[in-house]
Amino acid sequence: MKPVNLRIAQIADLHFGRDIPAVAQALLAELHEAAPTLVAVCGDLTQTAREAEFRAARAFLAELPAPALVVPGNHDLPGWRVWARFTRPWRPWRQHLDSDPYGAVAHKADGLVAVGVNTARQWGWHPDWSRGRIDARQLTSIGAAFDEAPGDDLRVVIAHHPFLLTPAGQHRGLVGRSKAALRRLRRRADLLLGGHIHLAYSGVADGLVVAQCGTAFSDRLKGEPNSYNLIEAEGDRMTVSTRHWDGDRFGTHQRTDYARDGHEWTTV
Ligand SMILES: [Fe+2]
Ligand SMILES: [Fe+2]
C-alpha cells in the first residue's frame, strides 16, 4: 500500500475572551497556506465559557481550511458559576458547537483515524479541578475506533490535558489515569495531542509520540510565545514542527523527527 501524506495542524487554548485578534488572523492565513488534512483543536476554546466567547470560537472554526476535530478543555466549563457547573456543565458547549462533549468523536480520512476525547471534568477529588482525567470507558471507545482501522493508518488521540510533561510543566500534573491510558494505547495508537499547559514540545512516552502546543493566540502566556504545531506523516515517519509567534509571523522553533516500527515510535 502506498504511504499517504498527512498533515495535521494542532492548535490549542484559543481562550476567546483573552484572544489577540491579529495573531488569530495570522494563524488562519498560515493554516490556509499549509492546507492540512485535519485541524486538531485541543480544548480551552473560551476563557470563561460565556456565550460571546463561544460565538467567537464558532466563527473562528468556520474559517478553518480543513475539517476540525474539536475537544473541550477545563475553561469550556462554567468556572466558578458553581450552580451551572454542576447542573448543566456542557450546555453552552452543546449549544454552540453542536457536539456531545462526552462522545468519542472520530474523524477518518485516507491513512488517518483520529479520535477526540473530553478530558475536562466538572469536579474531581484533587483540589485542582482544572486537572483532567481519561476514564476506562473512553479508552475502550478509542481502542474500538483504532481496532477497526486499517493496520497502517496513523492513529491519533486528540485531548486537552497532557500525557507527557517537561520540567517547566511538572507542577501542572498529567491527565488523571495517564499511566493506564499509555499502557492501553501502547502499540495501538501513534500520536497523542494535547494543550492545557500553554507550553509547546513533543517527545515519546511508552512508544507513543506526544505533541503539546502552546496557546495559539491568547495573551495567557506561560513564559513562551503563542504557538501551534504542524505534524507531517508519511508511512512510518513523522515530523512535529513547533511554530512560535515572533511578533510578526509564526516560524519553526523546533522540528523533531520520529520513526515507527509497528505502532511503536522512537525519536530519529
Ligand atoms: Fe488553557
Ligand atoms: Fe486548560
Side-chain angles (χ1 to χ4, degrees), residues 9-21 23-24 27 39-50 52-54 56-58 60-61 68-82 84-85 89-90 92-93 96-97 99 101-102 116-135 138 157-166 168-178 181 192-202 210-229 242-245:
Q10 177 192 6
I11 64 176
D13 298 277
L14 319 182
H15 287 294
F16 277 98
R18 292 281 298 270
D19 54 303
I20 309 169
V23 184
L27 176 64
V39 182
V41 185
C42 296
D44 279 0
L45 277 72
T46 67
Q47 176 62 18
T48 56
R50 304 227 178 240
E53 296 169 359
F54 272 113
R58 189 175 172 133
F60 173 83
L61 295 176
L69 206 162
V70 187
V71 298
N74 52 297
H75 277 262
D76 301 317
L77 283 160
W80 293 107
R81 301 196 298 281
V82 176
R85 188 174 181 117
W90 295 109
W93 179 274
H96 293 280
L97 296 176
S99 75
Y102 296 109
V117 285
N118 178 3
T119 53
R121 297 291 181 268
Q122 68 203 92
W123 72 282
W125 295 108
H126 193 281
D128 177 3
W129 289 0
S130 75
R131 287 195 184 183
R133 185 177 167 85
I134 186 160
D135 59 40
Q138 291 176 309
V157 177
I158 297 169
H160 178 59
H161 292 85
F163 291 85
L164 176 71
L165 292 169
T166 57
Q170 286 296 337
H171 63 289
R172 303 297 303 279
L174 290 163
V175 64
R177 291 181 55 87
S178 63
L192 303 180
L193 303 181
H196 184 59
I197 48 179
H198 299 201
L199 299 172
Y201 52 88
S202 69
V210 179
Q212 288 284 136
C213 55
T215 173
F217 46 71
S218 84
D219 64 4
R220 302 188 73 243
L221 301 173
K222 306 285 185 197
E224 61 174 55
N226 292 114
S227 65
Y228 75 99
N229 291 337
T242 294
R243 293 178 62 77
H244 277 193
W245 177 250

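What you see below is based on every heavy atom in this structure, not just the backbone, and it leaves out hydrogens, waters and symmetry mates. Read the numbers this way: they start at 1 and go in the same order the structure lists the ligands and their atoms.
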Sub-3.5 Å donor-acceptor pair from the side chain of R243 to the main-chain atoms of S227, do we have one?
-> no
Cationic N near anionic O, under 4.0 Å, D135 to R121 | yes
In degrees, rounded to 10 degrees, what angle do H198 atom NE2 and D13 atom OD1 make at the Fe ion (ligand 1)?
-> 90°
May I have the step-by-step check of side chain to side chain donor-acceptor pair (under 3.5 Å) for H160 and H75, ending in yes or no?
-> CA-CA 10 Å; H160 178 59; H75 277 262; over 6 Å; no
Can you tell me the N, O or S atom of H15 that's nearest the Fe ion (ligand 1)?
-> NE2
Of all N, O or S atoms in D44, which has the smallest distance to the Fe ion (ligand 2)?
-> OD2
Close side-chain approach of Y228 to T215, heavy-atom, < 4.5 Å = no
Of all N, O or S atoms in H196, which has the smallest distance to the Fe ion (ligand 2)?
-> ND1
Is the distance from the Fe ion (ligand 2) to some N, O or S atom of N74 under 2.8 Å?
-> yes
Assign the ring pair H161 / H196 to parallel, tilted or perpendicular, where the plane angle (0 to 90°) is split at 30° and 60°.
-> tilted
Measuring to the Fe ion (ligand 2), does H160 have an N/O/S atom at a distance below 2.8 Å?
-> yes
